[in-house]
Each structure stands twice: as C-alpha cells, then as structure tokens.
Amino acid sequence: MNYKQHIASKIATLLTGFEAQEIAALMEYPSDPEKGDLSLPCFRLSKPLRKSPQLIADELKFALQDEEIDYSESVAGYLNIFLKKERFAKTLVSEILTTGDRYGSQEIGQGSTVVIDFSSPNIAKPFHVAHLRSTVIGNALYQIHAFLGYKCVGINHLGDWGTQFGRLIVAYQLWGNEEAVTKGAIDELLHLYVKFHEEAEQDPTLEDQARAWFTKMEQGDESALTLWRWFVEISIAEFQKIYKLLGVQFDAFTGESFYNDKMEPIIEELKSKQLLEEDEGAWLVRLDDYGMAPALMLKKDGSSLYHTRDLTAAMYRAETYDFAKAIYVTDYAQNLHFQQWFKVVELMGYEWADKLEHVAFGRVSIEGASLSTRKGNVIKLEDLLQQAIQKTLEIIEARNPDLVDKKQAAEQVGVGAVIFNDLSSNRIKDIDFSWDSALNFEGETGPYVQYTYARTCSVWSKALATYGPLNLANEHDLEWTHLASTEAIEVLKQLYLFIERVEQAMLKLEPSVIARYLIDLAQAFNRFYHACYILLEEKQIREARLALVSCVQTTLRNGLKLIGLQAPDEI
RNA sequence: GUCUCAGUAGCUCAGCUGGAUAGAGCACACGCCUUCUAAGCGUGCGGUCGGGGGUUCGAAUCCCUCCUGGGACGCCA
C-alpha cells in the first residue's frame with residue numbers, strides 16, 4: 001500500500017487542476033508525530049487556486065475522507081493527516097510477512113540490464129583500503145539493482161596490462177626467483193616493484209628495458225606473456241580470497257588486456273567519423289566546444305591509452321549486453337576522464353551515450369597522508385579485515401562465550417564493520433582512514449545493525465522455546481491495538497519507508513541511503529525493545545509484538561543483504 | 001591559471017525535488033542489567049548551516065560573489 005499515492009489521488013479529486021502525481025510529490029513525512037503521519041504543505045497550491053494556503057488546508061481538512069485516514073488537521077498552511085494506526089499496522093505487517101525476503105523489492109528494472117564496472121584492482125599490487133570502496137559500492141549497487149528487477153552484470157576491469165608489467169619482468173629477472181614469488185605471492189611482486197623504482201633512480205636504463213619488455217608483450221612474445229600470465233594468476237587467486245570474505249562476486253573478469261585486439265577498429269571508426277586529429281604526432285579528439293581538454297587516443301608511438309581502452313570496452317559491452325545503464329565505480333580523480341570519453345561516444349553518434357554513468361566516490365587517505373603503493377603507505381585490506389575479525393572474536397568471547405560458531409559470527413561481524421564503515425556516508429565524501437573508526441562497533445555501525453538483527457532472532461527463539469510455535473500467516477488473529485504504542489508506531493513508520501529508500505538508493509546510485517536507513521530502523525526497534533517488553537504472558541500483546549519483531553527482522557536482513565552484509569542469527 | 005567537487009555541533013556525518021523549533025553517532029557528564037544479548041536504552045551538554053549579497057510567502061537546500069580545502073587539466077591508469 002502506497003499511502004502517499006493513495007491519499008494524493010484522493011486529494012487531487014478535491015482540487016481542480018492538479019494531478020495525483022504532483023500532489024504526491026509535494027507530500028512529506030513530518031518528523032514530529034504531532035504533525036501527523038503525512039503532510040501536505042499547501043503553499044504552492046496557493047497561487048494557482050487563488051486562495052491562501054491556510055484556507056486550502058482548512059477546506060481539505062473537511063473535504064478529505066478516506067478509509068485509511070483517522071483525521072486531519074490544518075496548521076499554518078499545512079494539511080496534517082493522521083492515519084488509522086490499526087489499519088496501517090495490519091496492512092503493513094501483513095505485507096511484510098507475506099512478501100518476506102522480497103519485501104522492498106520492485107520490478108522497475110524488469111527486462112533491463114545494468115552493467116557495473118567495479119573493484120578493478122591492479123594486478124601485482126596489494127588490495128588495499130582504497131580498492132575497498134569501489135568494491136563495496138559496486139557490489140551494493142549490484143544488489144540494489146538486482147532487487148529492483150534488473151539483470152546485473154558485474155565486471156571486474158582488472159588493471160592487467162601496461163608498462164608496469166615490463167618493470168615487473170625486469171625486476172623479476174634481476175632480483176626475483178620462482179620460489180620466492182610462489183611463496184610470497186603479491187607481497188613478493190610488490191617487493192620487486194618497489195625495488196625496481198629504487199634501483200631505477202640510480203639506473204635510468206632500467207626503464208628502457210621495462211618498456212622493451214612491454215613492447216614484447218604487445219607483440220605476443222611467449223616468454224614475456226608466460227611471466228605475465230603467471231603474475232596475473234597469482235594476483236587473482238589472492239583477490240579471490242578477499243572477495244570471498246567480502247561476499248562479492250563478478251560475472252566477468254575482463255581486464256584491460258581483454259581489449260588489446262579490439263581497439264584498432266575503434267580508432268578506424270573515429271577517423272572515418274572525422275573525430276580524430278593529429279597533434280604533435282599523437283592522435284586526439286578535440287573537445288574545446290564542450291569546455292574540455294582533448295581526449296588523447298593514441299600516443300605518438302602509436303600505442304593506445306586509457307581513453308582508447310575504456311571506449312573500446314564500452315563499445316564491446318554495448319554490443320554484448322545491450323545495457324540500460326552502464327555504471328563505472330571509481331574515485332572522483334577520474335571525473336574529467338569519464339566526461340571526456342562519454343562525450344566522444346556521443347560524438348560518434350551512439351544513442352547509448354547517455355546511459356553511461358560515472359559513480360564517483362571520495363578519496364581515501366591514511367591519517368592525512370595520501371596512499372602510495374610505491375612508498376608503502378597502504379593498509380592492506382586483508383590486514384584490516386583480520387584485525388576486525390580478531391577484535392570481534394574478543395568481544396564475543398567476553399559477552400557470549402556459549403556461542404557455538406564464534407569464528408563464523410566474528411567473520412560476519414568483523415567484515416560487516418569494515419564494509420559498513422565504508423558505505424555509511426555519501427560516497428563523494430573523502431575518507432581519512434583511521435583504525436579507531438574502522439574498528440568502532442558502537443553507535444552508527446554495521447555491528448550495531450547486526451546486533452539488532454541478532455536481537456530479533458534471540459527474542460523469537462526464546463518465544464518459541466517458551467510458548468511454542470506461532471503461525472503468523474494467520475494474521476487475522478492478531479490484535480492490532482497492541483501495536484499502538486508510540487515506539488511501535490515509530491517502528492512501523494520506519495518499516496514502511498524501506499521501499500522508498502531502496503528506490504532512492506538506486507536512483508541516486510547511493511548505497512549510503514540503505515546504510516543510514518538500517519541505522520534508523522535499528523534505532524527505532526531498540527527503543528521499542530526497551531520500552532515495550534515483548535514476551536509477556538498476555539498472548540494477544542505478545543503475538544502482536546512478535547509479529548512486529550518478525551517484520552523488523554525481515555527488513556533488516558533484506559537491507560543488510562543489499563549493502564553486502566551478512567545477518568547472523570546470534571553474535 | 002582554467003574547470004570541478006566539498007565546507008552543517010569539539011570530531012564523523014544525515015538533512016529527499018526549497019517547507020513547520022536544523023537531526024544522528026562519537027566524545028564528555030549523569031542514570032538504567034532479580035524479565036527478551038548493555039555491541040543496548042535514557043537524560044544533559046553542544047550549531048551565526050564557511051562569509052557576504054540576491055530570488056522567494058519561506059533558503060542549510062536555488063542563483064551570484066568571495067574565502068578555505070580536495071581533485072583534474074595531452075602522450076600513466
């Protein structure tokens with residue numbers, strides 16, 4: 001039941017010249033329960049209706065009749081609407097109990113495909129806290145779109161090609177050996193990479209050798225490619241461990257190298273469309289008319305660039321997936337880059353240019369200092385996750401020593417803390433990483449939400465143990481008046497908002513909407529929990545409250561899943 | 001220099017497409033486990049919404065301008 005729409009269309013019939021949709025758009029949910037459950041500010045209706053807002057609200061107050069509405073009030077130009085709480089409770093609780101793990105879902109995306117390019121770490125470099133953002137934001141967008149009926153394609157656009165592999169090969173041949181790399185994996189590759197840069201400062205010819213090796217790779221030299229494939233394998237194996245821990249999956253691991261043989265036709269097309277021009281030996285697309293610097297497509301040595309590759313990948317994806325939306329999750333340092341090649345697609349005449357979306361997020365620093373793989377100023381995600389899990393384990397040992405599978409719970413909560421920490425504020429915000437806030441489990445955190453979820457499970461298991469099974473499917477037996485406390489109603493109102501929030505998160509491409517919603521719902525529930533004892537002897541009250549607990553449980557679980565967190569029954 | 005993003009409580013952040021006294025969490029002080037997990041709940045403290053103009057019945061929100069900070073700006077990705 002969509003109350004905004006339902007009541008808006010009722011109001012629209014009472015006013016001349018307004019569509020239900022316009023009215024619904026004006027309506028809001030007042031923060032103060034004194035001001036009703038729904039409110040219509042009448043100020044904007046004033047001019048077209050040639051009446052004062054107060055008068056409009058007064059008239060609507062008397063004219064508006066609906067089976068869902070208890071009464072209305074006209075206050076200072078606002079029409080404040082109070083719903084019939086018992087009906088509201090019954091309708092909503094029934095809906096949630098019936099839809100279960102589909103509560104909050106919609107079919108908006110039915111028949112459409114969304115391609116999401118995210119995570120995309122660089123081969124041979126450790127997966128660190130900055131990659132985490134792209135990974136968890138991308139994964140959340142994937143889950144949210146899928147929940148709304150879209151077919152999703154998650155692509156890990158690995159950084160698996162480029163001169164850095166020439167450097168790595170040189171470093172490996174000079175200072176590395178098979179045993180050390182097999183044993184040390186990415187750590188050893190990173191060590192070689194760092195060593196290369198140190199040595200290259202003394203001996204610039206190393207860079208020439210590196211370029212030569214990369215050229216060999218591009219020409220298909222087997223000895224070069226064999227080493228390269230090995231480095232890629234080692235890296236992916238290590239990334240997979242992290243993805244498993246994070247619960248993230250991809251539909252394709254098509255990295256940069258995948259497009260090596262697909263770029264030439266694109267260059268030809270640019271030329272034939274008169275978009276490419278030569279400048280100082282390089283080839284570029286001029287974008288002066290759009291206030292942007294030109295987009296370089298070919299270096300003067302004829303090799304391709306970032307733009308060429310992304311453009312080629314987009315063409316490939318357009319043909320392969322026929323997407324309704326193609327989303328790129330990267331930090332905002334790449335804003336201009338995406339604007340540029342999006343514009344190039346448009347200039348090439350492809351209608352899907354406006355389906356490309358850059359989902360930019362803020363940069364990560366560590367205690368004020370920027371991250372640098374070369375300088376070693378990184379926090380490896382694996383270390384962070386292990387610390388979070390370890391800390392969780394200690395807390396569980398102290399508070400719930402009888403828990404059967406402590407390790408699993410610690411993993412779910414520790415990882416949840418890290419993910420939630422990254423998703424809880426608007427993605428555009430910069431993050432200054434601190435161990436304190438990443439390992440904080442109190443207040444607005446993932447563990448708080450998970451704890452609340454476990455609490456709902458705990459209440460239920462105790463209820464079953466004490467009073468035996470209860471079939472909520474027969475909700476006609478429930479006594480809705482027992483959900484009339486202010487705390488219960490606040491919970492119901494939050495539950496109701498879930499559908500809107502999921503949609504909003506999708507439209508804004510903003511997972512933090514869900515994260516914040518879960519905090520709001522958990523807070524409302526915890527207040528209810530403290531104010532209203534659930535497992536009372538009185539059957540009617542107990543069962544009505546248990547029904548509410550069940551709704552909170554379902555909604556928290558659904559919401560946690562959307563942002564990639566597990567919902568442990570007991571922690 | 002040009003373009004762009006951000007600036008809300010001591011700190012981290014919400015604030016939907018302009019709406020009713022600007023909301024949370026952390027920190028700090030105090031209170032609450034002889035009933036459902038205290039990773040919890042309550043009370044208190046704390047804001048000239050970066051500054052200044054403007055539009056509007058109404059601006060944290062829209063426009064202009066300035067200040068501060070991040071980022072990008074041709075052969076890295």
Side-chain angles (χ1 to χ4, degrees), chain A residues 25-26 28-32 34-35 39 41-44 46-47 52-53 75-78 80 120 122 159 161-164 256 279-284 291-301 303 305-307 309-310 330-337 339-340 360 362-363 365 370 392 395-396 398-400 403 413 417 424-426 428-432 434 436-437 440-452 454-463 466 500-501 504 507-508 512-513 516 519-520 522-523 526-527 529-531 533-536 542 545-546 549 570-571:
Chain A
L26 290 175
E28 37 188 81
Y29 303 107
S31 47
D32 180 359
E34 300 277 304
K35 291 165 184 152
S39 179
C42 300
F43 308 97
R44 283 190 223 180
S46 179
K47 214 176 226 175
S52 74
V75 183
Y78 289 84
N80 292 338
S120 310
N122 292 320
W161 201 249
T163 320
Q164 71 268 27
E256 294 170 1
D279 192 82
E280 293 172 30
W283 291 83
L284 48 76
M292 285 186 276
L296 266 290
M297 303 305 295
L298 289 178
K299 299 188 212 174
K300 57 184 161 203
D301 68 1
S303 59
L305 282 147
Y306 190 23
H307 277 123
R309 217 168 280 278
D310 270 350
T330 80
D331 77 31
Y332 62 61
Q334 297 181 38
N335 277 353
L336 177 61
H337 168 256
Q339 279 177 34
Q340 287 175 314
R363 293 164 67 86
S365 57
S370 65
T392 309
I395 296 175
I396 292 175
R399 305 198 191 253
N400 192 6
L403 178 59
V413 176
S424 57
S425 51
N426 281 339
I428 202 67
K429 296 272 181 183
D430 289 336
I431 291 183
D432 189 19
S434 86
D436 276 356
S437 76
N440 175 31
F441 296 170
E442 285 166 22
E444 299 173 333
T445 64
Y448 172 81
V449 179
Q450 289 171 316
Y451 179 83
T452 307
R455 177 172 262 178
T456 64
C457 297
S458 174
V459 171
W460 259 97
S461 67
K462 184 140 189 177
T466 313
E500 286 185 21
R501 294 298 177 83
Q504 195 193 355
L507 292 171
K508 292 173 72 176
S512 66
V513 170
R516 253 179 277 116
I519 293 292
D520 290 342
Q523 282 178 342
N526 282 322
R527 288 192 193 108
Y529 176 88
H530 281 277
Y533 192 81
I534 296 155
L535 301 178
L536 296 170
R542 184 178 72 238
R545 288 182 177 171
L546 276 170
V549 173
E570 194 184 350
I571 62 177

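Every chain is numbered from 1 and lettered A, B, ... according to where its sequence line falls, protein lines coming before strand lines. The figures that follow rest on heavy atoms only: side chains count, while hydrogens, waters and symmetry mates do not.
Among the atoms of the strands shown, base atoms are found under 4.0 Å from some heavy atom of A/S458. A/L26 comes within 4.0 angstrom of no nucleic acid atom, judged by non-hydrogen atoms across all strands.
Both geometric conditions, a ring-centre gap below 5.5 Å and a plane tilt below 30°, are not fulfilled together for A/Y306 over the base of B/C76.
Set against B/C36, B/G40, B/G15, the side chain of A/I534 has B/C36 as its closest nucleotide. Picking from B/G71, B/C73, B/C13 the nucleotide with the shortest atom distance to the side chain of A/L336 gives B/C73. Closest to the A/Y529 side chain, of the nucleotides B/G15, B/C36, B/C41, is B/C36. The side chain of A/A25 sits closest to B/U17 out of B/C36, B/A72, B/U17. The side chain of A/Q504 lies closest to B/C16 when the candidates are B/C16, B/G70, B/C75. Looking at the side chain of A/Y332, the nearest of the listed nucleotides B/C41, B/C75, B/G71 is B/G71. Taking every side-chain heavy atom of A/R363 into account, B/G71 is the closest of B/G71, B/C41, B/C73. Looking at the side chain of A/A333, the nearest of the listed nucleotides B/G15, B/G71, B/U35 is B/G71.
For the atom pair CG of A/L546 and CH2 of A/W460, the computed distance is 5.0 Å after rounding to the nearest 0.5 Å. Atom CG of A/L298 is separated from atom NE2 of A/H307 by 12.5 Å, given to the nearest 0.5 angstrom.
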Under-3.5 Å N/O pairs linking protein and nucleotides 20-29 of chain B:
residue, atom, partner, partner atom, Å
B/A20, O4', A/Y78, OH, 3.4
B/A20, N6, A/S39, OG, 2.7
B/A20, N6, A/N80, OD1, 3.0
B/A20, N1, A/N80, OD1, 3.0
B/A20, N1, A/N80, ND2, 3.1
B/U21, O4, A/D32, OD2, 3.4
B/U21, O4, A/K35, NZ, 2.4
B/A24, O2', A/E444, OE2, 2.5
B/A24, O2', A/Q523, NE2, 3.2
B/G25, O4', A/E444, OE1, 3.4
B/G25, O4', A/E444, OE2, 3.1
B/G25, O2', A/E444, N, 3.3

Dump every N/O contact between nucleotides 56-65 of chain B and the protein below 3.5 Å, one line per pair.
none

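Applying the salt bridge (Lys or Arg N to Asp or Glu O under 4.0 Å) criterion to A/R527, with sequence neighbours excluded, gives no partner residue. For A/T445, the side chain to side chain donor-acceptor pair (under 3.5 Å) criterion is met by no residue, not counting sequence neighbours. In terms of the salt bridge (Lys or Arg N to Asp or Glu O under 4.0 Å) criterion, A/D432 has no residue partners (sequence neighbours excluded).
Looking at heavy atoms from C-beta onward, A/V459 lies out of side-chain contact with A/R545 at the 4.5 angstrom threshold.
Look at A/K429 and you'll find a side-chain N or O under 4.0 angstrom from OP1 or OP2 of B/A14. Contact annotation: A/N122 side-chain N/O to B/A77 OP1/OP2 distance is not under 4.0 Å. Note on A/R455: a side-chain N or O is less than 4.0 Å away from OP1 or OP2 of B/A38.
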**Study point:** Per-nucleotide pairing state of RNA chain B [Watson-Crick or G-U, under 3.5 Å; [ ] pseudoknot-crossing; | other strand]
**Key:** (((((((..((((.....[...)))).(((((.......))))).....(((((..]....))))))))))))....
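A donor-acceptor contact under 3.5 angstrom links the side chains of A/D301 and A/S303, judged on distance only.
The backbone N or O of A/A522 sits less than 3.5 Å from a side-chain atom of A/N526, completing a donor-acceptor pair.
With a glycosidic angle no more than 90° from 0, B/C33 adopts the syn conformation.
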